[in-house]
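Accompanying notes for the structure given below.
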Amino acid sequence: MAQVSLRNVWKIFKGDVAAVENVSLGVENKEFLVLLGPSGCGKSTTLRMIAGLEFPTKGDVYIADKHVNNVPAKDRDIAMVFQNYALYPHMAAYDNMAFALKLRNYSRSDIDKRVRDAAQILGIKHLLDRRPRELSGGERQRVAVGRAIVRKPMVFLFDEPLSNLDAKMRVQMRTEIHKLHLKIQTTMIYVTHDQTEAMTLGDRIAVMKDGKILQCDTPLKVYDNPVNKFVAGFIGSPPMNFMQGVIIKKDGELWFDESNFRVKIIEEMYPKLQSYIDKEVTMGIRPEDVYDKLFASHATPGNTVSVLCDVVETMGSENYLYLSSGKHVFIAVVDAGNIPVIGGIVEVVLDMNKVHFFDLSTEEAIV
């Protein structure tokens, strides 16, 4: 079994800089876990402590129920794929993939079988005689992944492996990594700042900020039920729209008053918002939950607002509408056939079943 467990782990560098703060995390056998967050949030440092390239200042790291705090990286039965590939430039792809096995004194026949099996899985059998300078970025990344596969480790670690590739190649390699996980069924921990990679690859996502894990759950639950404003804004493309306003009560009903428009809050949200009546909060709504009234089937006076259309971005199958209420600018994602007049007034419908409310000071989710 290849569970990975971090228990109250800290990493403090010189000058009392806490890169990782009290992180506790469990990764199940055969699970694909993604550590997601902006640059400097501590995700790579966390991965390096699992790998044995950094040692925790406090706390404990376990791999397969073995305490590995002081175990060197070479003895942890892990394999790591780096952002810069880290291939030996003077060696052919075959020798790059075989190198670690030669150091461990595997037989020539066993090495050859493992290298060629990995090359078959990754579709690079025809590249084994080429040196890194003769390979494209995607091909080098496949060789780097193949070098990890041949070792048949208990745990694979990926440190932003696709960040050096162009957009098209990133999509292709993302699919290849997903297929690889399904084939070899090994525990994988993957670091990225790209929320699209996280959503498409991970069985679970751990969102990090300032050295802490803010939320760890399935991609859909993190998307639908973010625990705070940071997670809500980090997950989703385009990101969630945020607007500040006041919760008001009128004739027994709760409304969100943005000052330039009001929208009616659904009754299911009343219990959690009672203590916020007459107080300012942040309302969040995803761009795909904002509709042009002309194309909406559920428009009511309580969920329809008039706004100015500032910009229309054509994205092929859909358009991004940049809308202004006078106080806030927000985005609507609409069908490609929906092209309002730029500079004109548009009536849009907010799906009030999909809104989120956040405490203005703590930024924690209320609803």
Donor-acceptor check, side chain of [X] to backbone of [Y], threshold 3.5 angstrom: yes or no?
{"X": "R151", "Y": "R147", "result": "no"}
{"X": "N96", "Y": "Y88", "result": "yes"}
{"X": "D257", "Y": "V246", "result": "no"}
{"X": "S324", "Y": "G326", "result": "yes"}
{"X": "D203", "Y": "F32", "result": "yes"}

Problem - Those residues that, when tested against E347, pass salt bridge (charged side-chain N to carboxylate O under 4.0 Å, His left out) (two or more places apart) - result: K293
Problem - Pair R108 + D112, salt bridge at N-O below 4.0 Å - result: no
Handout entry: Greater than 12 external heavy atoms within 6.0 Å of Q185's CD
Key = yes
Problem - CG/D129: more than 12 non-hydrogen atoms of other groups inside 6.0 Å - result: no
Problem - Spatial distance of atom SG (C309) from atom CG (L323) [nearest 0.5 Å] - result: 6.0 Å
Handout entry: Candidates L53, V191, V20, V23 - the one meeting side-chain contact (heavy atoms from CB on, under 4.5 Å) with T45
Key = V20
Which pairs of donor and acceptor atoms, one on a side chain in residues 130-137, lie under 3.5 Å apart (sequence neighbours left out)?
{"unit_1": "E134", "atom_1": "OE1", "unit_2": "R131", "atom_2": "N", "d": "2.8"}
{"unit_1": "S136", "atom_1": "OG", "unit_2": "E139", "atom_2": "N", "d": "3.3"}
{"unit_1": "S136", "atom_1": "OG", "unit_2": "E139", "atom_2": "OE1", "d": "3.4"}

Problem - Partner set under side chain to side chain donor-acceptor pair (under 3.5 Å) for S361, not counting sequence neighbours - result: D359
Fill in the blank from the handout: Contacts of H181 meeting side chain to side chain donor-acceptor pair (under 3.5 Å) (sequence neighbours excluded), chain-then-number -> none
Practice task
Run the numbers on E176 and K179 for salt bridge (Lys or Arg N to Asp or Glu O under 4.0 Å), then give the verdict.
Solution key: CA-CA 5 Å; E176 293 299 323; K179 287 162 61 177; 3.7 Å; yes
Practice task
Apply salt bridge (Lys or Arg N to Asp or Glu O under 4.0 Å) to K327 and E258, showing your working.
Solution key: CA-CA 8 Å; K327 181 179 178 182; E258 188 258 11; 5.7 Å; no
Handout entry: ring pair (Phe, Tyr, Trp, His ring centres under 6.0 Å) pairs, two or more places apart, involving residues 297-344
Key = Y291-H298
Handout entry: Residues clustered with F242, ILVMFWY side-chain links under 4.5 angstrom
Key = M240, F358
Exercise for the section: Would you mind reporting whether I111 and K102 have side-chain heavy atoms less than 4.5 Å apart? Expected result: yes
